[in-house]
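Have a look at the structure below before the remarks.
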Amino acid sequence: MLKHKIVIIGSGFSSLSAACYLSKQGYDVTVLEKNKTVGGRARQLKKDGFTFDIGPTFYWMPDVFERFFNDFNQSTNDYYSLNKLNPAYQIYFGKNDSISISDNFEDIKQSFEQIEKGSGKKLEKFINKAQINYNLAIKDLVYKPGEHIFEIINQKTFLKLYEFILTIKKQVSSYVKNKKLQKILEFPVLFLGAKPSNTPSFYNFMNYADFKLGTWHPQGGMYEVVKAMDSLAKSLGVNIITDSKVYEIEIENKSVKGVKTDSGFYSCDILLSGADYHHTESLLPKQFRQYSKSYWESKTFAPSALLFYVGFNKKIKNVSHHTLFFDTDFETHAKTIYDTKTWTKKPLFYASFPSITDASAAPKNKEVGIFLIPIAPDSKDTPEIREHYFNQLIERIEYITGDSIKNNILFKESYCVQNFKDDYNSYKGNAYGLANTLTQTHVLRPKLKSKKVDNLYFCGQLTVPGPGVPPSLISGKIVSDLILKYNRK
C-alpha cells in the first residue's frame, strides 16, 4: 500500500513537530522551506565569532519540550544540554533600581516580602492557583484541536469561568499593591502577545511556569532545539527542502493536488501549512479562502518587534542573561501598540546577553547583545527610525546600569517589520501571531482544518493553542492528530 504524501509549508517549530509525528505514523512527509535554513522565525546569525538567536531566546515550560521528545522515545538530553538560569532574569525599573528573579521560589517570595510586607504569602496563594491552571491547561486543554467549544467545557473549566472573564491585571492587583511587583507578575503575559488588561486571568498559569519551572538556556542557544528537531525529523524519514518558496497551491475538486515552488511542483494527498495563515490562503483561488480581508483586519495581533543583534568588545556590567528594562510606563507603551498603533516615544525593551552564561556565544572577553522593542504590527519601518531607537536604547542602558557601552560596539544588525514580511510572509510584519485575548481563545482562533478545501490543514502561532515556542510544538502534535482523524492511511 502506497504511503499518503504530505507536504508541509514552512519549517518552524510547529511544522517540524507535525512532520515528526506524521512521519512516525507512516506518512511520506516533505517539508518545504523558503529560506536557506530551517527553523522559521527561530533562525541563527553568526558573525565574527558571535552567535545570535534571531528569534526566540526564552526557554520556558521545559516539560512541554521533554514531552515532545519523549513521544519518540527520546529526551532533550539526547540532543542538547540545558542550564537553569539564576537569576532567571533581571528587571530594571530605573537607574540602579532592579529586581532579580531567583531560580528558587522561596527566594522569590522573600524578594517580594522585602518590597511589600505580606506579599510573600499572597504570592504563594497566587502561584498555587496558577499551578492548578497550568496542570489543567498544559495537560489537557491546549492539546484540544479547537473544533468545537465542548472540548473545553466541562466541570473543571466551568468552575473557572470567572477566570476567563477576570483579567490578569485585575487579578494581580488583588494580590499585590506595589507597582513593581505587579509588573513582575504581569510580565509573562507578554509571551501571550496581549495586554494584561485584555488577557483572561486563567492564563496566570504562565506565572507558574515562570516561578516554579524556571528559565532555562540550551547550551549553544535556542537554535539547538531547531537542530534537534531537524535531526529527529530526518531520522524518521522526513524530507526537508530549503530554498523552496511556495508560490501557488493547485486545487482540483475542492482538494489540493500539489504546490508550485521555486524547486518544482510537489504533488500531495494532504497539504499542511505552518507558514503564515493569511499568506497561505492568498496562494489559494479566492473561492477557497476561509477568512476575508475584514476578518484579518478585525483581529488583535501580538506585537511585531524591532530587534538588534550587537557584538561588544567587552563584557557588559550590571546585567543578567535576560534583562528587562521597565523604566517606562507599560500601559502607555501597550496603548501605542494596540490602540493608537504608533511608535512610542520611550518604549520598554528586553535585552539578552547569552554570552554571560554560554561561552560559545561570543569570543573570550566579548559579549553578545540581543535587544527587542515590542512595536505595533505594520509600524513604519525606516533606517532612520531603527537608528533613532538603537541610540535611545544604548543611552538608556548606559544611564540605568552605569556601564559605558556605546564605544564598545563592534557591529550591529537590525531586524524589523519589513524583515518579518520579507522572510516569513508575516501578516503586517507581526512577530508572534494572534494575541490570546478572550475573543481569540481556543475555538475562536483560525481553524486547523480548512472548511473549504478537503485536505488542507494549518498549524502554528495563528491557530490553537497560540503564540510561543511550547504552544507551537503542541500545535504540530494536535494538527497531526487531526490529520489522522480525517485521513486514515
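Everything numeric here is computed off the predicted structure, so don't read it as measured data.
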Return the set of residues passing salt bridge (Lys or Arg N to Asp or Glu O under 4.0 Å) with K122 (not counting sequence neighbours), or none when no residue passes. none

Judged by modelled atom types alone, do S480 and Q25 share a side-chain donor-acceptor pair under 3.5 Å? no

Should the pair F58 and W60 be assigned to parallel (<30°), tilted (30 to 60°) or perpendicular (>60°) ring geometry? perpendicular

When rounded to the nearest 0.5 angstrom, what is the spacing between OG1 in T51 and OH in Y223? 12.0 Å

Do any pairs count as a side-chain hydrogen bond (donor to acceptor under 3.5 Å, both in side chains) and have a residue in residues 447-456, sequence neighbours left out, and if so which ones? S255-N455

Show the numbers, then the answer: is there a salt bridge (Lys or Arg N to Asp or Glu O under 4.0 Å) between K227 and E224? CA-CA 5 Å; K227 288 163 63 177; E224 291 300 310; 3.0 Å; yes

For a side chain to side chain contact (heavy atoms under 4.5 Å, CB included) check, start with the C-alpha distance between I241 and V31, then their side-chain angles and the critical distance, and finish with the verdict. CA-CA 6 Å; I241 303 171; V31 174; over 6 Å; no

What class does the angle between the rings of Y27 and H4 fall in, given that below 30° is parallel, 30 to 60° is tilted and above 60° is perpendicular? tilted

For Y295, does the six-membered ring have the charged nitrogen or CZ of K299 within the cation-pi criterion, i.e. under 6.0 angstrom from the centroid and within 45° of the normal? yes

Give me the ring orientation class for F205 and F202: parallel if the planes are under 30° apart, tilted from 30 to 60°, perpendicular past 60°. perpendicular

From S173 atom OG to L181 atom CG, the distance as rounded to the nearest 0.5 Å: 12.5 Å

What class does the angle between the rings of Y21 and F72 fall in, given that below 30° is parallel, 30 to 60° is tilted and above 60° is perpendicular? tilted

Return the set of residues passing ring-ring contact (aromatic ring centres under 6.0 Å, His included) with F105 (not counting sequence neighbours), or none when no residue passes. none

Results of salt bridge (Lys or Arg N to Asp or Glu O under 4.0 Å) for E331 - residues two or more places apart only: K169

So among K428, K341, K421, which one has a salt bridge (Lys or Arg N to Asp or Glu O under 4.0 Å) with D378? K421

Side chain to side chain contact (heavy atoms under 4.5 Å, CB included), that's the test. Do F371 and T323 meet it? Break it down for me. CA-CA 10 Å; F371 305 94; T323 307; over 6 Å; no

What orientation do F65 and Y59 show, parallel under 30°, tilted 30 to 60°, or perpendicular over 60°? parallel

Any residue meeting salt bridge (Lys or Arg N to Asp or Glu O under 4.0 Å) with D262, in chain and number order, not counting sequence neighbours: none

Could you give me the CA-CA distance, side-chain angles and deciding distance for K477 and D481, then say whether salt bridge (Lys or Arg N to Asp or Glu O under 4.0 Å) is met? CA-CA 6 Å; K477 174 174 174 52; D481 291 339; 3.8 Å; yes

Would you say K84 has more than 12 foreign heavy atoms packed within less than 6.0 Å of its NZ? yes

With salt bridge (Lys or Arg N to Asp or Glu O under 4.0 Å) as the criterion, how do K260 and E248 come out once you've worked through the C-alpha distance, each side chain's angles and the decisive distance to 0.1 Å? CA-CA 5 Å; K260 295 179 181 178; E248 186 179 339; 3.6 Å; yes

Any chance you could measure Y389, atom OH, to I373, atom CD1, to the nearest 0.5 Å? 7.5 Å

With rounding to the nearest 0.5 angstrom, report the CD to OG distance, Q418 to S304. 10.5 Å

Does atom NZ of K245 have more than 12 heavy-atom neighbours, drawn from other residues, nucleotides or ligands, at distances under 6.0 Å? no

Show, in sequence, the C-alpha distance, side-chain angles and deciding distance for T76 and E66, and conclude whether the side chain to side chain donor-acceptor pair (under 3.5 Å) test is met. CA-CA 6 Å; T76 55; E66 195 61 42; 2.7 Å; yes

Would L22 and I483 count as a side chain to side chain contact (heavy atoms under 4.5 Å, CB included) here? Give the steps. CA-CA 8 Å; L22 291 167; I483 288 171; 4.0 Å; yes

Please check: side-chain N/O of S17 versus main-chain N/O of L473, any donor-acceptor pairing under 3.5 Å? yes

Supply the atom-to-atom distance T336 OG1 to K346 NZ, rounded to the nearest 0.5 angstrom. 14.0 Å

Is a side-chain N or O of Q440 found less than 3.5 angstrom from the main chain of A435, in a donor-acceptor match? yes

Let's go through Y338 and T300 carefully: what are the C-alpha distance in whole Å and the side-chain angles of both, what is the deciding distance for side chain to side chain contact (heavy atoms under 4.5 Å, CB included) to 0.1 Å, and is it a yes or a no? CA-CA 8 Å; Y338 296 104; T300 300; 3.9 Å; yes

Should Q290 and Y277 be marked as a side chain to side chain donor-acceptor pair (under 3.5 Å) after you check the CA-CA gap, both sets of side-chain angles, and the distance that decides it? CA-CA 10 Å; Q290 300 179 95; Y277 205 122; 2.9 Å; yes

Residue set satisfying salt bridge (Lys or Arg N to Asp or Glu O under 4.0 Å) with D78, at least two apart, ordered chain then number -> none

Of R43, K34, R41, which meets side-chain hydrogen bond (donor to acceptor under 3.5 Å, both in side chains) against Y424? R43

Mind checking the CG-OH spacing from D53 to Y309? Nearest 0.5 Å is all I need. 9.0 Å

Let me see the working for F69 and Y79 under ring-ring contact (aromatic ring centres under 6.0 Å, His included), right down to the final yes or no. CA-CA 10 Å; F69 286 102; Y79 293 95; 5.1 Å; yes

Distance-only donor-acceptor check, side chains H321 and Y89, under 3.5 Å: no

Relative to the ring of F187, is the ring of F326 parallel (under 30°), tilted (30 to 60°) or perpendicular (over 60°)? perpendicular

Does one side chain, of Y175 or N204, offer a donor that lies under 3.5 Å from an acceptor on the other? no

Between the side chains of S14 and S475, does any donor sit under 3.5 Å from an acceptor? no

Describe, in one word, how the ring planes of F301 and Y427 are oriented to each other, choosing from parallel (under 30°), tilted (30 to 60°) and perpendicular (over 60°). tilted

